[in-house]
Amino acid sequence: MQFKSMIISNIEVSPGYFRMKMTAPPAAGSASPGQFIMVRVRDAIDPLLRRPFGIFDLGTFATAYTDCGTQTYFEILYRVVGKGTDMLSSLHQGDVLDILGPLGKGFLPGDPSGEKILVGGGVGLAPLYYLAKEMVKTSRVRLFAGGRTKEDILCITEFERLGVETYVSTDDGTLGASGLVTEVLEKHLTAGIADKTIFACGPFPMLKATAEIAGRHDIPCQVSLEAYMACGVGACLGCVTKGRNHSNETPDYRCVCKDGPVFDYRELRWD
Amino acid sequence: MQFKSMIISNIEVSPGYFRMKMTAPPAAGSASPGQFIMVRVRDAIDPLLRRPFGIFDLGTFATAYTDCGTQTYFEILYRVVGKGTDMLSSLHQGDVLDILGPLGKGFLPGDPSGEKILVGGGVGLAPLYYLAKEMVKTSRVRLFAGGRTKEDILCITEFERLGVETYVSTDDGTLGASGLVTEVLEKHLTAGIADKTIFACGPFPMLKATAEIAGRHDIPCQVSLEAYMACGVGACLGCVTKGRNHSNETPDYRCVCKDGPVFDYRELRWD
Amino acid sequence: MGKPDLSVEIAGIKLRNPVMTASGTFGYGKEFADYLDLERIGAIITKGLSLHPKAGNQTPRIVETPGGMLNAIGLQNVGIDAFIQEKLPFLRTVNTPVIVNLYGNTLEEYGELAEKLDKLPEVAGLEVNISCPNVKQGGIVFGTDPKAAYEVVSLVRQSTIKPLIVKLSPNVTNVVEMAHACVDAGADALSLINTLTGMAIDLQKRRPILANITGGLSGPAIKPVALRMVWQVAQAVEVPLIGIGGIMTATDALEFMLAGATAVQVGTANFLDPSAAQNIADGMEAYLEANGIADVKELIGALAT
Amino acid sequence: MGKPDLSVEIAGIKLRNPVMTASGTFGYGKEFADYLDLERIGAIITKGLSLHPKAGNQTPRIVETPGGMLNAIGLQNVGIDAFIQEKLPFLRTVNTPVIVNLYGNTLEEYGELAEKLDKLPEVAGLEVNISCPNVKQGGIVFGTDPKAAYEVVSLVRQSTIKPLIVKLSPNVTNVVEMAHACVDAGADALSLINTLTGMAIDLQKRRPILANITGGLSGPAIKPVALRMVWQVAQAVEVPLIGIGGIMTATDALEFMLAGATAVQVGTANFLDPSAAQNIADGMEAYLEANGIADVKELIGALAT
Ligand SMILES: Cc1cc2nc3c(=O)[nH]c(=O)nc-3n(C[C@H](O)[C@H](O)[C@H](O)COP(=O)(O)OP(=O)(O)OC[C@H]3O[C@@H](n4cnc5c(N)ncnc54)[C@H](O)[C@@H]3O)c2cc1C
Ligand SMILES: Cc1cc2nc3c(=O)[nH]c(=O)nc-3n(C[C@H](O)[C@H](O)[C@H](O)COP(=O)(O)OP(=O)(O)OC[C@H]3O[C@@H](n4cnc5c(N)ncnc54)[C@H](O)[C@@H]3O)c2cc1C
Ligand SMILES: Cc1cc2nc3c(=O)[nH]c(=O)nc-3n(C[C@H](O)[C@H](O)[C@H](O)COP(=O)(O)O)c2cc1C
Ligand SMILES: Cc1cc2nc3c(=O)[nH]c(=O)nc-3n(C[C@H](O)[C@H](O)[C@H](O)COP(=O)(O)O)c2cc1C
Ligand code: FES
Ligand code: FES
C-alpha cells in the first residue's frame with residue numbers, strides 16, 4: 001500500500017531518538033508486528049531513496065471535532081544516524097509524508113501458551129513494542145533490552161505498562177546490568193519455563209549471538225534483520241541475505257524486504 | 001558577506017507571490033537599493049544552487065523582551081516559479097536560511113532634484129520598493145507597475161504610503177490601464193518635468209522597450225537584469241550579458257552578478 | 001479534441017504509451033502489481049536473464065549517492081528456465097508487451113539464450129545488455145568495444161527473429177560509434193543508457209561501501225549524460241531509440257522524446273515511487289492534452305537546435 | 001597530540017593542506033577573498049587561460065540539474081597577457097601557491113602558452129586542460145584520444161620546467177589508458193575529473209537550455225564517477241593524483257584521498273558556499289584530530305579493498 005500520512009507528533013524520547021506518530025488509512029491497521037514501512041523523507045531527490053522503519057505501535061483513536069469516528073495511526077521509533085533521519089527529526093506536526101507499507105513478513109507469534117522472550121538491542125527495540133502489545137493479550141512476555149549506554153535504553157516504561165517483565169543491560173553499566181544483552185539473556189533463560197520462543201531485533205552481532213544461544217538451548221528463534229534497501233518490494237535484489245543452503249552454484253538468497261525482515265534463524269547462514 | 005538569517009515572516013501577498021522578512025547582521029544594513037542576495041534554500045543538494053532575489057525592503061526594528069536594542073531585517077518579494085521558490089514558500093517563521101549578500105551594483109540615485117521614474121514588471125517591482133523608500137526622502141518619485149493580470153500587481157499600497165505616485169496597468173485590463181506598462185510610461189512621460197531618470201526592473205522585453213523609450217526621449221535609464229547565476233560573485237562567468245562594445249574578437253561581457261544587476265542601458269547591447 | 005494518442009512502436013512492438021520499466025528495477029513485474037496497473041504502462045522489461053541462475057554479488061549491493069544510487073547486484077537472476085517456469089505464467093496474464101533483458105558471460109551464451117527466447121510467444125522482444133564483461137576474453141566489457149559489440153549483436157541477430165533492442169553502455173568515449181556497430185550488426189532499436197560506473201567509500205571503515213567495490217550509477221544524477229547521449233545517437237542512426245536515465249517525471253520523459261527517443265524506460269524512480277511508471281504515462285497524457293498535442297509522436301526528435 | 005599535519009606535496013609544489021580550488025569555479029582568486037582566507041587553502045587554480053582572450057559561448061551558459069549543474073562557459077578568459085597584467089599582481093600578494101590552468105585551440109597554442117608561463121616566478125605550476133577540441137583536427141578532443149594527449153603533453157613538457165599537472169577528461173572508455181599516455185609524455189601529476197558531457201532541455205520551448213546545446217556536468221552528482229576514476233588511475237600510475245568531482249565536505253575530500261588522491265580540488269561547492277574550500281580544509285583537520293591521525297598523508301590510497 002502507498003499512502004500519504006500526516007505527522008501527529010514527533011518527539012525526542014532520549015537524546016538522538018525520536019518517536020513519530022502518524023495517520024494511516026484503515027487498511028494499514030492490518031499490519032502485523034515485525035512488518036515495516038518505507039518513508040519518503042522529502043519530495044525531492046535528496047535524500048533519494050526511501051528509509052525503512054519498523055512499526056513501533058499501531059492503533060486507532062477517536063477523532064475530536066469531526067464525524068469521522070476513529071482514525072488509524074502508527075508510530076515509529078527512530079534513531080538519528082544520518083541525513084534522512086536527521087531530516088525526519090526536524091519535521092513538525094501537520095507535515096505530510098509519503099509511506100509505503102506495511103511491507104515484508106512479520107513475527108509469527110506461535111502457540112500462545114509458551115513464554116515469549118523479546119531481545120532488543122538499541123533501536124532494535126522498535127518493532128518489539130507492537131509485538132509485545134499483541135502478545136501480552138495471551139502470553140507471558142519478557143523483554144531483554146540492551147544498549148551501549150543508558151541513553152540507548154528506550155521506552156522501558158511503555159513495555160512495563162503492558163505487563164512485560166523487563167531486563168535492562170548496558171555495555172557500560174550506566175543502566176541495568178553491565179554487559180551484553182545476550183549475556184543477560186542466557187543467564188535468565190535457564191530460569192524460565194519450558195516452551196519458549198525468542199524474538200530478536202538489533203545489530204547483527206547481537207542477532208548472531210542470540211541465534212547461537214537459541215541453537216545451544218534449542219529454542220525457536222525469530223530474528224529481524226536490517227539491510228540497505230532500494231525498492232522494499234523484492235524487485236531490486238539489493239537487500240538480500242544468504243539463506244541456509246546458499247552456495248555460489250546453488251544461490252539461495254532471500255530478500256530481507258520481502259522474505260523478511262523477520263526470519264527463523266535456522267533459515268539463514270550466519271557466517 | 002555570508003550569514004545565517006532567521007525567517008520572521010513569510011506571507012502570500014497575492015496568489016503565488018510571497019513576502020519574506022528575515023533577520024540580518026547590522027553590516028547588511030549598508031546594502032544599497034538594487035543589490036541582491038543569494039539564498040541557499042536548503043542545506044541539501046536539491047536544490048543545488050543558490051537563488052538570487054532583489055532586496056525589497058531593509059530596515060531595523062526595536063527588539064522586544066531583550067537588551068539587544070535594534071535588529072536589522074530585510075525583506076524579499078518573490079514569485080513561486082519553480083522548485084526553489086516553491087520550497088521557500090513552505091518555510092516558516094523561525095526557520096534559518098544561509099544568505100550571501102548584499103551582492104552586485106545597485107541603482108545610482110543621481111541628482112535628487114530630478115524626477116525619479118520607476119518602471120516595474122510583475123515581480124520586477126521587488127527592488128524598486130527599497131529604492132523608492134530611499135528616494136522619496138529627497139525626490140519626486142513616480143511608479144509605473146505593470147503585469148499580465150491583476151494578481152501580478154503587487155504592494156501598490158506600500159508604494160503609495162511612501163508618497164509615490166503610482167500608475168498601474170495590466171495586459172488584460174483587469175486592473176488599472178489596459179496594455180503594456182511601457183505604453184503607459186510613454187504616455188505619461190511627456191507630461192513630466194524636464195530632469196528625469198528611469199529605473200526599470202522586469203522581464204527582458206519590458207526592459208528593452210523601456211530602453212528604447214529612454215533612448216528616444218534621451219532620458220538617463222538604469223535597468224536591472226536577471227540571469228542564471230551560479231556563484232554570484234563574478235567567478236563562474238555563467239551570468240554574463242553583452243556589453244556595448246562586444247564582438248567575438250573583442251569580447252565585452254559583463255557579469256550581471258558583479259558588474260550589475262543594475263546597468264546604464266547604454267552600457268549594454270540590446271540585440 | 002479527443003484523448004491524445006500516446007501509442008508508439010519500437011521495432012514492430014506496439015506500445016500503448018512510451019513508458020516502459022527498466023530492467024532490474026521492476027523485478028519480473030509482479031512485485032509492482034499492487035502499486036500500479038500493469039496494463040497502463042507501455043511495456044515491462046524483465047530483470048536481466050542469463051542461461052543459468054546467477055548468484056550475484058556479495059552485499060552491500062546498493063548505496064545511495066547524491067541524486068542517485070550505485071548498484072552492484074551482480075546480475076543475480078533465476079536463469080532462463082526458472083523464468084519460463086515461475087515468472088512467465090504471471091506475465092502471460094498481463095496484457096502488456098514483455099521484453100526480456102538478457103546477457104551472457106560469453107559470446108556463446110548470448111546466442112543460446114536468444115535461441116531459447118525466440119521460441120517463446122509471450123516474449124514481445126529482446127533487449128540485449130552488452131554492459132557486461134566477456135568472461136572468456138579477460139573480462140573486457142562487450143559494450144565498450146565496437147568490435148565485440150558487433151560480434152555479440154550479430155550472433156543474437158542470427159539466433160532470433162524477434163524484435164532486437166540493444167542496450168548501450170555510457171562508459172565509452174564515443175557512444176555514436178557503439179550505436180553504429182550495433183545497428184550494423186542488426187539491432188532493430190537501441191536503448192540507452194545503462195549505468196555509469198561509479199564508487200562509494202566509507203571513510204570511517206576505509207573500505208568501499210559496495211562489496212563489489214564499484215557499481216552502476218543510476219537515478220536523476222545521470223539524466224544530463226543520458227539526454228546528451230540519446231541526442232547524439234539520434235543524430236546518427238535511423239533506428240528507434242529508447243531513452244533511459246534518471247527519468248522521474250513526465251517532463252523528464254518528454255525531454256528524452258524531444259532529444260530523439262521513441263520511448264523511455266523508468267528505472268530508479270520505481271524505487272522512490274512504485275507507481276512511477278504509470279504516473280509518468282498519465283502525466284504525459286495530461287501534458288499533451290494541456291498543450292493541444294494530438295499525438296505524442298509529434299515530439300520525437302522535435303528539439304530545435 | 002599536536003595539530004595534525006595536513007601538508008602534502010604535488011609534483012614538488014608544497015601545499016599547506018590538500019584543498020585546492022578547481023579551475024573555472026574560483027575566478028582568479030580575488031573574487032572569493034571576502035569569503036575565506038586565501039592563505040588557509042592549499043593552492044589556487046586559475047580559470048583556464050588561453051593565448052588570446054576568449055569570448056566564450058552565448059548565454060544561457062549554466063543550468064542546474066539534479067544534484068549537479070551543467071556549464072558551457074566556453075572557456076571565456078582574459079587571455080594570458082591580461083592575466084599577467086591584471087590578475088597576477090593580486091595573486092602575488094597571497095602566500096599560497098598559484099597554479100595556472102591552461103588550454104589551447106591547437107597543439108601549438110599549448111606550447112606557446114607553456115613557454116610564457118614558464119617565465120613567471122609567481123606561477124607554482126601548470127595544470128593542462130586537455131578536455132577541449134583541437135580546432136585544427138576537426139574538433140576532436142585532445143583528452144579523449146591517447147595519442148593526441150601524448151602529443152600535447154609532450155609539447156608542454158618541452159616548453160616548461162615547472163611542475164606539470166594534466167587534467168583528465170572523464171568522457172572516455174578507458175581513463176587508465178589516458179593516464180598512462182599523459183604520464184609517459186612527462187606529466188608530474190594528474191588531476192581528475194573534468195566535467196562529464198551532458199545536456200538539458202526546456203520542454204516548453206523545445207530547445208536545449210544551454211546556448212551551446214551540451215555542457216559539462218559537475219557537482220555532487222558526478223562524485224561516484226570521479227571517485228571510481230581516481231581509484232582506477234591510482235592503481236595504475238605512480239605520479240600523485242588530485243581528486244576532483246562533487247567534493248562538498250571534508251568527508252568527501254578524505255574519501256578521494258583514500259581512493260588514492262594526494263590532494264583534491266573543490267569546484268561547484270564554491271558556488272553553494274564561497275567559504276567551502278576553507279571549511280573543507282578545517283573539517284579535514286578536525287577529522288584527523290578526532291581520529292588521532294597525525295598526518296593526512298597516512299590516508300593517501302589507504303583504502304582496503
Ligand atoms: C526492515 C528495517 C527496519 C528498520 N527499523 C528501524 C527502526 O524502527 N528504527 C530505526 O531507527 N531504524 C530502523 N532501521 C534502520 C533505518 O532504516 C536506518 O537507520 C535509516 O535508513 C538511516 O537513514 P539515514 O538517512 O539517517 O542514514 P544514512 O546513513 O545517511 O543513509 C544512507 C543510506 O543507507 C541506508 N541505511 C543506513 N543505515 C541503515 C540501516 N541500519 N539499515 C538499513 N539501511 C540503512 C539508508 O536507508 C540510506 O539508503 C530499519 C532498517 C530496516 C532495513
Ligand atoms: C539579480 C536577480 C534578482 C532577482 N530578484 C527577484 C525577486 O526579487 N523576486 C523574484 O521573485 N525573483 C527574482 N529573481 C528571479 C529568481 O531568482 C528566480 O525566479 C528563481 O531563482 C527561480 O528559482 P526556482 O527554483 O523557483 O525556479 P527553477 O526554474 O526551478 O530554477 C532552476 C534554476 O534556474 C534559475 N532561474 C530560474 N528562473 C530564473 C530567473 N528568472 N532569473 C535567474 N535565474 C533563474 C534558478 O536560480 C535555478 O538555478 C531575481 C533574479 C536575479 C538574477
Ligand atoms: C538495482 C538495479 C538493477 C539493474 N539491473 C539491470 C539489469 O539486470 N540489466 C540491465 O540491462 N540494466 C540493469 N539496470 C540498469 C537500468 O535498467 C537502467 O538502465 C539504469 O538504472 C538507468 O536508468 P534510471 O536512472 O532510470 O535508473 C539496473 C539498475 C538498477 C538500479
Ligand atoms: C563554471 C565552471 C567552469 C569551469 N571551467 C573550467 C576551466 O576553465 N578549466 C578546467 O580545466 N576546468 C573547468 N571546470 C571544471 C572544474 O574545474 C572541475 O573539474 C569540475 O567542475 C568538477 O568538479 P566539481 O564537481 O567540484 O565542480 C569548470 C567547471 C565549472 C562548473
Ligand atoms: S529492497 Fe529491493 S529487493 Fe529488497
Ligand atoms: S553568477 Fe557567477 S559570474 Fe555571475
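We name chains A, B, ... by the order of the sequence lines, and we start the count at 1 in each one.
- Among B/A230, B/G232, B/P251, the residue with the largest count of heavy-atom pairs under 4.5 Å with chain D is B/A230.
- Per-residue heavy-atom pair counts under 4.5 Å with chain B were compared for D/M69, D/K30, D/M248, D/Q76, and the maximum is reached by D/Q76.
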Could you check D/E64 against B/R50 for salt bridge (charged side-chain N to carboxylate O under 4.0 Å, His left out), going step by step and ending with a plain yes or no? CA-CA 10 Å; D/E64 188 177 273; B/R50 289 173 181 266; over 6 Å; no

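- Closest approach of B/C231 and D/F271 over heavy atoms only: CB-CD2, 3.4 Å.
- In this structure, D/P60 and B/Y228 approach most closely via the heavy-atom pair CB-CD1, 4.5 Å.
- Once rounded to the nearest 0.5 Å, the distance linking SG of B/C239 with CD1 of D/I62 reads 7.0 Å.
- Remark: B/R148 CZ is loosely packed, at most 12 non-hydrogen atoms of other residues, nucleotides or ligands lying under 6.0 Å away.
- With a threshold of 4.5 angstrom between heavy atoms, D/S275 approaches chain B through its backbone and through its side chain.
- Few gaps surround CD on D/E122; more than 12 heavy atoms of other groups in view lie less than 6.0 Å from it.
- In this structure, D/K54 places its NZ atom where more than 12 heavy-atom neighbours from other residues, nucleotides or ligands lie under 6.0 Å away.
- Heavy atoms from other residues, nucleotides or ligands lying under 6.0 Å from CG of B/D86 number more than 12.
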Could you walk me through whether B/L100 and D/Y35 pass the side chain to side chain contact (heavy atoms under 4.5 Å, CB included) check? CA-CA 10 Å; B/L100 213 63; D/Y35 300 99; 3.8 Å; yes

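- For D/F32, the part sitting under 4.5 Å from any heavy atom of chain B is the side chain, from C-beta outward, and nothing else.
- Here the closest non-hydrogen pair linking D/G27 and B/A235 is N-CB, 3.5 Å.
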Between B/Q2 and D/D34, does the side-chain hydrogen bond (donor to acceptor under 3.5 Å, both in side chains) criterion hold? Intermediate values first, please. CA-CA 9 Å; B/Q2 186 178 4; D/D34 287 349; over 6 Å; no

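- Partner of D/T59 under the side chain to side chain contact (heavy atoms under 4.5 Å, CB included) criterion, chosen from B/L237, B/V256, B/T241, B/V240: B/V240.
- B/I45 contributes atom CD1, which lies 11.5 Å from atom OG1 of D/T268 (distance to the nearest 0.5 angstrom).
- Between B/G238 and D/R61, the shortest heavy-atom distance links the atoms O-CB, 3.8 Å.
- Every residue meeting the side chain to side chain contact (heavy atoms under 4.5 Å, CB included) condition with B/P25, not counting sequence neighbours, appears here in chain and number order: B/M1, B/F3, B/A28.
- In this structure, the portion of D/N57 lying under 4.5 Å from any heavy atom of chain B is its backbone and not its side chain.
- Taking every heavy atom of both residues into account, D/L272 and B/L48 meet most closely at CG-O, 3.2 Å.
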